[in-house]
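Step one of this worksheet: look at the structure below.
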Amino acid sequence: MLVMMYKEMAERTTPPRVAHVRFPFGRPMGEPDNPDQHHVIIEDALRVLETATEPGTIVPLPYRWRREDYARIRQDRSVRSASN
Amino acid sequence: MDTKELLQDILKAPSSAAAFSRIRYVGALMEEEQQVTFLKELFKAAVEAREAGSPEGLYDLLEEWEASGQAKAGGRSRVLRLDATPWTPLTVPISKAKFALVTTGGFYVEGQEPYETDGPERQGDWSYRVIPRDTPRDRINVAHIHYDISGPQQDINCVFPVDRFAELEKEGVIGQLADTNYSFMGFIQRPDLLMSETAPEVARRLKEDGVDVVFLTST
């Protein structure tokens, strides 16, 4: 399971499973000291790992650099999973 | 100063700072006409952002240009083409799986040899370093001159999420995080040697360690 910024490189090298993040190079998990952000990215990547059925799967993650509230995203997710 | 020099002067950006890591392709790779278009749109978006009382449109514009700059860079870079992508199905639930981290971030433990970040013939370095999960964070150094390392110097988890995976292990989300994890340094101009020598070696070690899932982070 690979998390990378460089979508074009993923398309050309076709690793088995890729979560593509639109973050600056050198920040695959996001900003330093933002554990909520890291957890959201990892969680999404693990979902790709669980659901991908064929090699060369590239899933774009929707997050915009420094424009998301990751604590809130995690909170919403835990509420959703508790109500399921 | 002619137009080309003027544009270069305006658009030059430090290659080391994270925020400039992709937008600098506009200055480095685009035609003059596109660079002029970018600057016009940037000016317009800045004024409109103030008028709207929100920077969203300005940020959207930067992200669009970053994406097209990156696409241009991606089209030019040399990559090793593979015949086929290997596929190993996930056969254990994530909550039972043993994970290991592998990164291209350029980490090494104090006492280990740092990487050849450029090399006498700009070959880079295809060797790897073993990073035990319990290594005190202040003993993990980073050597890489092709991305902004200030992020992982502040918090290694933005590249190598070792503390995050330890937390997931504690919460029972994953089975376990391996004791032994690995780093490469991503500037590798001899991918043939990576593929014939060091990558198979790391793969063999991961297999011997009983690792089910390798979580790779590229920089």
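Letters go in sequence order (proteins before strands), and every chain restarts at 1. Quick note: numbers below take in every heavy atom, side chains included, and nothing from hydrogens, waters or symmetry partners.
When the candidates Val173(B), Ile174(B), Asn157(B) are compared by the number of heavy-atom contacts under 4.5 Å with chain A, Asn157(B) comes out ahead. Heavy-atom pairs under 4.5 Å with chain B were tallied for Gly26(A), Pro15(A), Ala45(A); the largest tally goes to Gly26(A). Annotation: maximal heavy-atom pairing with chain A below 4.5 Å, among Gln153(B), Gln70(B), Glu56(B), occurs at Gln70(B). The candidate with the highest count of non-hydrogen atom pairs below 4.5 Å against chain B, out of Leu46(A), Ile41(A), Val18(A), is Leu46(A). Heavy-atom pairs under 4.5 Å with chain B peak, among Arg64(A), Glu43(A), Arg27(A), at Arg27(A). Taking Ala19(B), Ser150(B), Ala73(B) one by one and counting their heavy-atom pairs under 4.5 Å with chain A, the maximum is reached by Ala73(B). Your options are Ala18(B), Pro152(B), Gly75(B), and the one with the most heavy-atom pairs under 4.5 Å with chain A is Ala18(B).
Contacts between Met9(A) and chain B at a heavy-atom distance below 4.5 Å involve the side chain alone, from C-beta outward. Looking at Val214(B), the atoms closer than 4.5 Å to chain A (heavy atoms on both sides) all sit in the backbone: N, CA, C or O. Of the atoms belonging to Ala19(A), not a single heavy atom falls under 4.5 Å from chain B. Heavy atoms closer than 4.5 Å to chain B are found in the backbone of Glu31(A), but not in its side chain. Of the atoms belonging to Arg66(A), not a single heavy atom falls under 4.5 Å from chain B. Heavy atoms of Phe160(B) lying under 4.5 Å from chain A are absent altogether. Neither the backbone nor the side chain of Ala84(B) has a heavy atom closer than 4.5 Å to any heavy atom of chain A. Proximity to chain A (any heavy atom under 4.5 Å) is restricted, for Pro89(B), to the backbone atoms N, CA, C and O. Of the atoms belonging to Thr103(B), not a single heavy atom falls under 4.5 Å from chain A. Residue contact with chain B, scored on non-hydrogen atoms closer than 4.5 Å, involves the backbone of Glu54(A) exclusively. Proximity to chain A (any heavy atom under 4.5 Å) is shown, for Asp163(B), by neither the backbone nor the side chain. In this structure, chain A has a heavy atom under 4.5 Å from the side chain of Glu167(B), while its backbone stays farther away.
For the pair Arg129(B) and Tyr115(B), the cation-pi criterion (under 6.0 Å, within 45° of the ring axis) is fulfilled. Both the sub-6.0 Å distance and the 45° axial angle are satisfied by Arg17(A) relative to the ring of Trp87(B).
Side chains of Ser218(B) and Thr104(B): a donor-acceptor N/O pair is absent below 3.5 angstrom, by distance only. Side-chain contact annotation: Glu110(B) with Asn141(B), donor-acceptor N/O pair under 3.5 Å absent. Between the side chains of Trp126(B) and Gln189(B), no donor-acceptor pair is found at a separation under 3.5 Å.
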Problem set entry | From CA spacing to verdict: side chain to side chain contact (heavy atoms under 4.5 Å, CB included), Phe20(B), Glu66(B) | CA-CA 9 Å; Phe20(B) 290 101; Glu66(B) 280 172 345; over 6 Å; no
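Relative orientation of the Phe23(A) and Trp65(A) rings is tilted, given thresholds of 30° and 60° on the angle between their planes.
The distance from the CG atom of Leu177(B) to the CG atom of Asn181(B) is 5.0 Å, given to the nearest 0.5 Å.
A donor-acceptor pair under 3.5 Å links the side-chain atoms of Tyr6(A) to the main chain of Gly74(B), judged by distance alone.
In Arg50(B), the CZ atom is not crowded: 12 or fewer heavy atoms of neighbouring residues, nucleotides or ligands sit closer than 6.0 Å. The local environment of OH in Tyr63(A) is crowded, with over 12 non-hydrogen atoms from other residues, nucleotides or ligands closer than 6.0 Å.
A side chain to side chain contact (heavy atoms under 4.5 Å, CB included) with Tyr182(B) is found for one member of Leu101(B), Thr198(B), Leu216(B), Leu206(B) and no other, namely Leu206(B).
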